[in-house]
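Just below is one structure, and these are the notes that go with it.
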Amino acid sequence: MSLEKIINWNEVSEDTRVDLLERPTRVIREDQNEIIEKIFAAVMSQGDKKLREYTKAFDNVEIDSIEMTDQEIHESLEQTPKELKDSIRNAIENIKSFHESFSDIDDITVETVAGVNCSAITRPIEKVGLYVPAGNNPLPSTAMMLGVPSMIAGCPERVLVSPPNKNGVVDPTIVTVAHFCNIKRIFKIGGAQAIAALAFGTESVPQVNKIFGPGNSWVTQAKRLISSYDASVSIDIPAGPTEVLIIADGNSDPLYLAFDLLSQAEHGVDSQVILLSTSQRQLYEVQEQIKESLKTLSTREVAEQAMTNSKFILVDNLETAVNISNEYAPEHLILSFDAATDWLSKIKSAGSVFLGMWSPESAGDYCSGTNHVLPTGGFTKSLSGITVASFQKTISVQEITKKGLGNLSNDIVKLARAEGLEAHARAVEVRVSKNEC
């Protein structure tokens with residue numbers, strides 16, 4: 001990495017600025033949708049048999065039972081070191097502490113007009129499917145981020161799916177998290193075929209009402225395609241390649257910033273990392289630290305490729321940097337400077353914000369208590385990350401007295417006839433005229 005990669009925001013055109021904030025193009029096969037649709041059709045028609053065939057073809061593993069047996073779960077729990085179990089428990093407790101605050105909202109009732117009581121009642125989604133990736137590395141942290149809020153929400157049926165490892169079972173750490181989150185059913189399937197199984201059901205895998213969790217382009221696209229099928233199944237959020245944007249003012253330690261950038265870069269070759277700084281010296285020093293740190297990083301091959309999508313941008317002031325961030329709308333935003341809290345009110349769009357040099361993005365990925373399943377690709381302009389509310393639905397209720405209907409009747413009738421819906425109007429009129437409301 002060299003100084004030539006540093007971009008002075010003031011010296012580039014408006015068109016170039018737009019280009020700089022473009023996400024890297026995710027390389028996918030032209031026939032991806034066609035292949036996924038074939039997978040869907042095969043799973044719908046042949047169920048478990050096809051899931052086994054796809055697992056052998058895509059994961060190079062032969063499995064007998066698609067669902068983890070009690071014995072396999074027990075052995076997985078035994079394989080997870082006690083120290084790691086303790087860390088998992090601690091992280092789960094932190095996540096519970098944060099997300100339980102979202103479950104303290106009581107049902108509400110409002111009298112909108114005399115005699116008209118409107119309520120909102122909250123209910124858990126009955127059946128949810130939790131997808132936990134295990135491609136480059138198994139991600140027990142994702143199991144926590146989905147398992148804890150779904151447990152707090154009280155979803156009656158929760159099933160977890162994750163690709164099997166070379167031993168033909170789900171990674172033991174993921175199984176351990178599922179156990180601690182009281183998830184009883186775990187399935188050894190991944191990819192588009194796992195999404196198909198959750199969306200349509202098979203002999204072993206129950207059909208769910210909503211599918212959660214990030215994944216590779218096949219998983220992401222499979223989730224998006226579900227809406228085109230006649231299945232009452234929804235998805236959580238669009239989740240593409242991960243990303244982080246850091247704003248610094250020249251005072252943060254370059255080594256800290258380097259590893260914050262590398263933390264996201266090592267997720268995948270299509271990850272994107274951006275550093276905005278008011279100090280050219282700092283930008284240069286961070287690049288040098290990245291070059292040195294890559295030499296000893298076990299994930300160097302992936303991180304180095306991802307760094308080709310990086311941007312190092314010199315800005316005049318923090319206000320300009322925040323404006324750039326709001327336009328980019330990052331999944332993760334780190335404000336690595338003193339008094340970062342003072343700038344929080346100016347942040348309009350971000351999935352998760354990390355304030356100050358002692359708040360690395362890694363904390364949010366594991367155990368600060370927030371959630372790391374977040375919108376990417378600019379979707380933070382309109383969507384939020386996973387919370388307990390993601391696993392719930394709100395039902396509206398109205399109870400109207402005779403007097404209350406009388407108070408509403410004139411407006412209902414006029415509005416209904418303005419829309420040409422005569423029966424709507426008469427449904428009110430027959431009550432009013434018959435009962436002298």
Side-chain angles (χ1 to χ4, degrees), residues 28-29 31-77 79-80 127-140 142-143 146-147 157-179 183-208 211-226 229 231 233 235 239 268:
I28 60 173
R29 290 175 52 156
D31 57 352
Q32 188 180 62
N33 283 0
E34 181 183 346
I35 293 171
I36 293 173
E37 287 171 353
K38 287 179 179 177
I39 291 172
F40 279 12
V43 172
M44 290 169 72
S45 63
Q46 300 180 56
D48 288 355
K49 175 178 178 292
K50 212 62 190 174
L51 290 178
R52 291 189 185 92
E53 290 179 11
Y54 285 136
T55 301
K56 183 178 180 180
F58 300 143
D59 298 309
N60 299 313
V61 177
E62 289 195 44
I63 55 174
D64 293 323
S65 63
I66 291 170
E67 186 169 1
M68 290 279 288
T69 65
D70 289 343
Q71 179 63 28
E72 288 172 333
I73 291 174
H74 175 74
E75 290 173 356
S76 294
L77 294 172
Q79 291 172 30
T80 306
K127 301 176 182 179
V128 296
L130 315 180
Y131 186 95
V132 179
N136 294 332
N137 299 291
L139 298 179
T142 297
L146 300 176
E157 187 169 356
R158 298 176 297 146
V159 299
L160 185 148
V161 301
S162 189
N165 60 20
K166 62 182 180 180
N167 298 318
V169 295
V170 172
D171 181 82
T173 57
I174 293 174
V175 174
T176 300
V177 171
H179 177 74
I183 296 170
K184 305 297 186 184
R185 306 192 68 185
I186 306 169
F187 294 89
K188 323 166 196 177
I189 48 174
Q193 64 271 23
I195 302 303
L198 293 172
F200 310 116
T202 70
E203 301 94 314
S204 299
V205 185
Q207 182 186 37
V208 300
I211 300 172
F212 294 80
N216 61 19
S217 67
W218 293 90
V219 170
T220 300
Q221 193 58 20
K223 286 171 65 179
R224 287 174 173 162
L225 284 175
I226 291 170
Y229 286 77
V233 182
I235 66 169

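Positions are given from 1, in the same order as the sequence printed here. The structure displayed is predicted, hence computed values, not measured ones.
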[X] versus [Y]: any side-chain heavy-atom pair under 4.5 Å?
X	Y	result
Ile186	Ser162	no
Ile189	Val205	yes
Leu130	Val159	no
Met44	Ile39	no
Asn165	Val170	no
Asp48	Arg52	yes

At what distance, to the nearest 0.5 angstrom, does [atom1] of [X] lie from [atom2] of [Y]?
X	Y	atom1	atom2	value
Leu51	Gln46	CG	CD	10.0 Å
Gln221	Arg224	CD	CZ	6.0 Å
Lys166	Asn60	NZ	CG	13.0 Å
Thr173	Leu139	OG1	CG	9.0 Å

With a 3.5 Å distance limit and no angle check, can you tell me whether [X] reaches the backbone of [Y] through a side-chain donor-acceptor pair?
X	Y	result
Thr220	Ala239	yes
Asn167	Val169	no
Arg158	Lys127	no
Gln79	Pro172	no

What heavy-atom pair brings [X] and [Y] nearest, and what distance separates the two atoms?
X	Y	value
Ile183	Gly147	CD1-CA, 4.1 Å
Ala178	Leu160	CB-CD1, 4.2 Å
Thr176	Ser76	OG1-O, 4.1 Å
Tyr131	Leu146	O-CD1, 3.7 Å
Gly191	Val219	CA-CG2, 3.8 Å
Ile174	Pro138	CD1-CB, 4.0 Å

>> Phe200: which residues meet the ring-ring contact (aromatic ring centres under 6.0 Å, His included) condition with it, sequence neighbours left out?
In response: Phe40, Tyr229
> Would you find more than 12 non-hydrogen atoms of other residues, nucleotides or ligands less than 6.0 Å from Asp31 atom CG?
Replying inline: yes
>> List the residues meeting side chain to side chain donor-acceptor pair (under 3.5 Å) with Lys188, not counting sequence neighbours, and say none if there are none.
In response: Ser65, Glu72
>> Checking Glu75 against Gln71: is there a side-chain donor and acceptor pair closer than 3.5 Å?
In response: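 Distance-only check passes for Gln71 and Glu75.
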> Does anything in residues 193-207 pair up under salt bridge (charged side-chain N to carboxylate O under 4.0 Å, His left out), and if so which pairs, sequence neighbours excluded?
Replying inline: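 The answer is none; no pair qualifies.
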> side chain to side chain contact (heavy atoms under 4.5 Å, CB included) between Met68 and Val175: does it pass, once the steps are laid out?
Replying inline: CA-CA 9 Å; Met68 290 279 288; Val175 174; 3.6 Å; yes
> Is it true that Lys56 and Glu53 make a salt bridge, defined as a side-chain N closer than 4.0 Å to a carboxylate O?
Replying inline: no
>> With side chain to side chain contact (heavy atoms under 4.5 Å, CB included) as the test, pick out the partner of Lys223 among Leu198, Ile195, Val233.
In response: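 Among the candidates, only Ile195 passes.
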